Amino acid sequence: MTVRIKNIFPHLIALSVFIILTAVQYYPVLQGKVIRQNDVLNYRGTAKESEDYFVRTGKWPLWTNSMFCGMPAYQVAARYPSNLLQYIYRTLTRGFGVGNFTLIALIGFYVLLLSFNVHWLLSMGGAIAYAFSAYFFIIIQVGHNSKTMALALLPMVVAGVIHLYNNRYLTGAILTGIFMGLLFIANHIQMTYYMFMCLGIFISIKFILSLKENRILKFFKSSYLFLFMIILALLSSITLLWMTYEYGKHSTRGESELTLKNNVKTTGLDKDYALRWSYGISETLNLLIPDFSGGKSEYDIGTKTGLYKYFYNANRNTARQLVKKTPTYWGTQPFTDGPFYLGSITCFLFIMGIFMVKGPFKWWLAGSALLAILLSWGKNFSFLSDLFFDYVPFYNKFRAVSSILVIAMFAVPLLAFLCLSEFFAVTRSPGKGAVTNRKKEKGDTGKFAPVKKALLYAFLITGGIILFILVFGKGLFDFTGLRDEEYRSKQWPIDLIKAERISMMRSDCGRSLLFIALAAAALYAFLKNRLKKEIALIGIIGLVLIDQWSAGRRYLNSDNFVRTGDKEYSIKPAHAELQILNQEILYNSRIPHFARTLAPNYLEWKKTDYPGQDVKLNEDDSVMLRFMAMGKLTDFRVLNVTTQTFSESRTSYFFKSLGGYHGAKLERYQELIEYQISKNNSAVWNMLNAKYFIAKGADNNPVAQLNQGAMGPAWFVMNYRIVANADSELTALNTFNPAVTAFADQRFTKYLEELSVQYDPENTLVLNDYDLERLQYTSRAKTEQLAVFSEIYYDDGWNAYLDGNPVPHIRVNYVLRGLRVPAGEHKIEFRFEPANYYRCEKISFTSSLTLLVICLGGIAVHINRTYGRTSNH
C-alpha cells in the first residue's frame with residue numbers, strides 16, 4: 001500500500017494545483033456569478049422556445065419555430081436521451097461552471113504527457129501551457145462552449161491513441177472509446193474534424209515506421225482497436241451525427257438548386273464566405289507575440305494614452321467609453337475576439353524541440369503545426385487552401401479557416417514539453433559538473449554540444465525574430481485596419497490609433513523577449529550546474545504560467561463576470577415586446593389563465609438555476625409565463641427591423657421570428673432572405689405570417705406595428721402555377737399576391753394533376769391547435785382546394801394526415817407547405833416524425849451501453865492485474 005500511495009502522491013499534487021488554479025481564475029463562479037458570454041446569450045434566445053416546450057411537456061422538441069420561420073432543433077437545443085454517455089458528460093460540466101473546461105483540459109493534457117512517460121512535474125507544466133493559452137480564455141469569454149469542451153477533451157482522446165499504438169491496448173481502448181464518445185457529445189464537428197486530421201498524420205507515420213521495422217501486425221492490431229472504439233463512440237452519438245448530416249443537405253452547407261448567382265456553389269459553404277476569416281501571414285506572429293496585430297477588434301487601451309487625451313479634450317464625458325472600444329486590430333480578418341497566442345516560452349521550447357527531439361513524434365507534431373499554420377492563411381495562401389477546399393472531403397463544410405490553428409495550439413506545447421523532458425533526461429548533475437548520457441558528436445568542444453546547440457538555435461530564432469520586429473517593425477508594416485476608413489468618417493484620429501497599435505506591438509515584443517530570455521537563462525544555468533533540476537523545472541513552469549495566464553486575462557478576467565440578475569445577463573421584455581403581448585391578450589383572453597397553469601412547472605425549471613435555494617416566482621417571471629402561454633396559444637411571426645434581423649436571437653426569445661441566429665440556416669430560406677425578404681417584399685412577409693413588425697418609432701425607440709396583410713397560419717388559394725425550376729419559383733415571388741396564387745415546382749406536376757381550384761369565400765381553413773411537433777387544422781370547402789400553410793416545408797420529418805390517414809404534401813412558394821384538400825369538412829394534421837431519429841436512438845442506446853460495459857470491464861481487468869498481483873505478492 002505504501003508503494004501505491006508513493007506512486008499516486010505526485011498526481012494528487014498536480015490535481016490539487018489544477019483545482020487551485022481553476023478556482024483562482026474562476027473565483028467569481030464560486031460567488032454565484034456567470035460569464036457574460038455573447039454566444040450564450042444568443043443561445044438563450046434560440047433555445048427559449050424549446051425550453052418552454054420542455055417546461056410544459058417534460059420533453060425536448062425536435063423542431064423549433066422561433067427562428068427563420070422554422071427549422072429542425074437538432075443543432076439548437078435538442079437532447080438525445082438514449083446516449084448513456086451523456087450522464088458522464090453532464091457530470092464533467094458541473095463544479096466550476098465554464099471553469100470545468102479549463103480543469104478538464106489541464107487534467108487531459110497532463111494524462112497525455114504522462115502517456116509519453118514525461119515526468120509528472122513537466123506534465124503539469126505542459127498542461128498549464130495548453131489549458132492557459134489565450135485562445136482558451138477567448139472562446140470561453142465569447143461563449144463558444146461546445147468548441148471549448150471539444151478542445152478540453154481532445155488530449156484524452158490523443159492519449160488513448162498514443163497508448164494504443166504503443167501496445168498498451170487496454171488503457172488505450174478505454175481512453176479512446178470513452179473520450180471519443182464524449183467528444184461527439186460536445187458536438188463541435190469542426191474541432192473533431194481537425195483532431196482526426198492531426199491523428200491521421202500520426203497514424204500514417206506509424207504505418208510507415210511499422211513497415212520499416214517489420215511490426216505491421218501490431219500496427220493493424222492497434223488500428224483495429226482504434227477503429228472499433230471509434231465506431232462504438234460514433235454510434236453512441238449516431239442520432240446527433242446522422243440528424244446533423246441529414247439537415248446539412250438542406251442547409252447552407254448543402255447543395256443549392258439555385259443558378260441565379262454567377263458563382264454558384266455546389267456543396268459546402270461558399271468559398272469566399274468560408275475564407276473570410278483567413279489569418280494574415282504576418283498575423284501568425286501572434287503565436288509568439290500576444291498583441292502583435294492589435295489584440296481584439298475593440299480593445300480598452302486605458303486612460304494613459306494619446307488617444308484618450310484627444311477624446312478627453314474633445315468631450316470629457318464620452319472619452320472613457322470611446323477608448324474602451326478602440327479599433328486596435330489591424331489583421332486581415334473581418335473582426336476577431338483575440339489572438340492565437342501560444343506563449344513565447346512555449347514557442348521557444350517548440351523550436352528547441354525541432355532541433356533536439358528525435359523520432360516520429362517530432363515530425364508528427366512539427367508537421368501538424370506547420371500544416372495548420374499554412375491552412376489558416378486561407379485566401380492569403382490560396383494554392384494550398386484551394387487544394388484542400390476542392391479535394392479534401394468535408395473540408396469545405398467549415399467556415400473560419402483560422403480555427404485550424406487549434407492543431408498548432410495542441411501540437412506546440414506537446415512538442416515543447418517533450419523537448420524539456422528530453423533536455424532533462426540527457427543531462428544530470430551528480431556532484432560537481434553536469435554530464436550527458438549522449439555520445440559525443442564529431443566536432444564537440446564541450447560536454448553539452450547537442451543540447452547547447454538546440455538551446456542556442458531556439459533562442460537565436462525566436463529572440464532574433466522578436467528583436468528584429470522590435471527594431472524594424474514600425475517601418476515594415478502599415479498598421480492599417482480593414483475598417484479604418486469607416487472610423488475616419490466618424491472623426492476618429494487614425495494616426496493616433498496607428499500609434500497605439502505600434503505601441504502595443506513593441507510593448508509585447510519586449511514582453512516576449514524577456515520571457516524567452518529568462519527561460520533560456522534558467523536552462524543554461526541548469527546546464528552550468530548553477531540551478532538544481534527541481535528549481536529549473538519549477539522556474540520554467542512558473543514562467544510559462546505567468547506568461548500565458550497574464551496574456552489570457554486580457555480577455556477573461558473578473559470584469560467579464562456578472563450576476564444572473566444583472567442587466568448584462570438577463571433578457572427582459574422591452575416596450576415593443578410588451579406591446580405585442582398585451583395586444584395578443586386582448587385577442588385571446590385564455591393567455592393569462594394558461595400562464596397560471598404553467599407556473600408550477602416553470603418554478604421547478606427555475607430551481608435548476610439556483611440549487612439548494614428557496615426560489616419563488618417574481619413579477620418578471622409572471623410576465624415571462626404570459627409570453628410562454630402566448631407562444632403556445634398563438635401562431636404568428638414577428639419581423640424585427642431595428643437590429644440585424646438575421647443574426648440576432650433576442651426576437652426569438654419572445655416570439656416566432658422571421659429572423660434569428662444560427663450558423664447553418666436552411667439553404668432555401670437563406671435564398672429567400674437574399675432575394676425577397678431583405679428587398680422588402682411585403683407579399684413574402686405576408687405569406688410568412690409576419691403579423692407584427694418591430695420598427696423605430698418617432699422617438700427612435702423600437703415600437704410594435706400591426707401588419708394587416710399577414711395571411712395567418714393557413715389559407716386556400718384561388719389558383720396555382722407550375723414553374724420550371726428553383727430560379728423560376730423564387731423570381732415568381734417578385735410580384736405576386738399570396739392570397740391569390742401559389743407557385744409549385746414542376747416536379748410536383750403529378751401531385752397537382754387534374755386539380756381545378758374553384759374559389760369560394762365561404763371556404764374556411766382554421767388552425768385548432770398549435771404545437772411545435774404537431775399542427776391541427778379544420779377545413780371546410782364545397783369543392784377540392786389547394787391549401788397553403790405558413791410553415792416551412794421540410795420533407796425529412798414533416799408528415800401530413802387527412803382525417804388521421806397519411807397523405808402526401810408538396811412545397812409551394814419556394815419554402816412553404818401545400819396540400820390538396822377534398823371537398824367537405826376534414827381534419828388536417830402535420831406531425832414532425834423524423835423516422836431516422838427514432839431508428840438512430842435505438843442504435844445509440846445499444847452502442848453506448850456496449851461501450852460502457854466494455855470500458856467498465858476493461859477497468860476491472862486493469863485493477864485486477866495491477867492490484868491483484870500486488871495483493872498476491
Side-chain angles (χ1 to χ4, degrees), residues 105 109 130 133-140 142 144 146-155 157-158 183 186-204 253 268-288 292-293 331-343 346-347 350 363-415 663-664:
F109 211 84
Y130 177 69
S133 62
Y135 189 68
F136 249 117
F137 289 158
I138 290 166
I139 57 178
I140 288 174
V142 298
H144 294 171
S146 62
K147 178 188 285 189
T148 313
M149 188 59 164
L151 294 178
L153 293 168
L154 185 149
V157 176
V158 178
L183 185 60
N187 190 28
H188 202 289
I189 306 300
Q190 187 172 6
M191 295 301 105
T192 306
Y193 180 87
Y194 291 155
M195 184 207 70
F196 275 111
M197 283 181 63
C198 186
L199 287 177
I201 296 172
F202 170 76
I203 293 172
S204 298
R253 285 157 166 78
L269 294 169
D270 285 315
K271 188 177 293 186
D272 290 342
Y273 174 68
L275 299 180
R276 284 183 70 196
W277 274 266
S278 296
Y279 228 55
I281 294 176
S282 63
E283 195 174 353
T284 308
L285 288 166
N286 278 331
L287 276 62
L288 180 64
F292 168 81
S293 296
T332 63
Q333 300 177 89
F335 62 85
T336 180
D337 294 299
F340 261 98
Y341 179 60
L342 304 184
T346 306
C347 289
F350 173 78
W363 301 115
W364 165 47
L365 297 171
S368 297
L370 177 62
L371 179 64
I373 289 170
L374 295 177
L375 286 173
S376 74
W377 292 346
K379 61 186 177 183
N380 301 312
F381 193 55
S382 57
F383 166 74
L384 183 64
S385 183
D386 289 348
L387 189 67
F388 270 71
F389 201 90
D390 294 334
Y391 298 107
V392 175
F394 305 113
Y395 186 81
N396 62 5
K397 301 293 184 182
F398 308 115
R399 62 174 181 167
V401 293
S402 59
S403 294
I404 201 170
L405 283 172
V406 296
I407 292 178
M409 188 180 88
F410 166 80
V412 169
L414 183 53
L415 182 56

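As a basis for the values below, the full set of heavy atoms in this structure was taken, side chains included, without hydrogen atoms, waters or symmetry mates. Since this is a predicted model, take the numbers as computed values, not measurements.
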### Query
Looking at Pro334 and Arg276, what are the two nearest heavy atoms and their distance?
CD-O, 3.2 Å
### Query
Between Trp377 and Tyr279, does the ring centroid distance fall short of 6.0 Å?
no
### Where Val158 and Trp364 come nearest, the two heavy atoms and their spacing
CG1-CH2, 3.8 Å
### Query
What's the spacing between Leu415 CG and Phe410 CZ if we round to 0.5 Å?
11.0 Å
### Query
So does Phe394 have more than 12 non-hydrogen atoms from other groups sitting under 6.0 Å from CZ?
no
### Message
Let's go through Phe196 and Val157 carefully: what are the C-alpha distance in whole Å and the side-chain angles of both, what is the deciding distance for side chain to side chain contact (heavy atoms under 4.5 Å, CB included) to 0.1 Å, and is it a yes or a no?
### Response
CA-CA 10 Å; Phe196 275 111; Val157 176; over 6 Å; no
#### Entry: Test item: Phe388 and Met197 side chains (from C-beta on) under 4.5 Å apart, heavy atoms
yes
### Task
Please round to the nearest 0.5 Å and tell me the distance separating atom CG of Leu287 and atom CG of Leu342.
4.0 Å
### Task
Measure up the Phe335 and Trp277 rings against each other and bin them: parallel (under 30°), tilted (30 to 60°), perpendicular (over 60°).
perpendicular
### Query
Tyr130 vs Phe109 aromatic rings, parallel, tilted or perpendicular, using cut-offs 30° and 60°?
parallel
## Note on the structure
Closest heavy-atom pair, Gly200 versus Ser204, reported as atoms and distance to 0.1 Å, is O-OG, 2.7 Å
#### Entry: Aromatic centroids of Tyr341 and Tyr135 separated by under 6.0 Å
no
### Query
Taking all atoms of both residues into account, what is the closest heavy-atom pair of Ser403 and Lys147, and its distance?
OG-NZ, 3.6 Å
### Message
As a quick check of understanding, evaluate side chain to side chain contact (heavy atoms under 4.5 Å, CB included) for Met195 and Leu183, giving each step before the final call.
### Response
CA-CA 10 Å; Met195 184 207 70; Leu183 185 60; 3.6 Å; yes
### Message
Rounded to the nearest 0.5 Å, what separates atom CG in Leu154 from atom SG in Cys198?
### Response
7.5 Å
### Summary
Residues Pro339 and Ile138: closest non-hydrogen pair is O-CD1, 3.4 Å
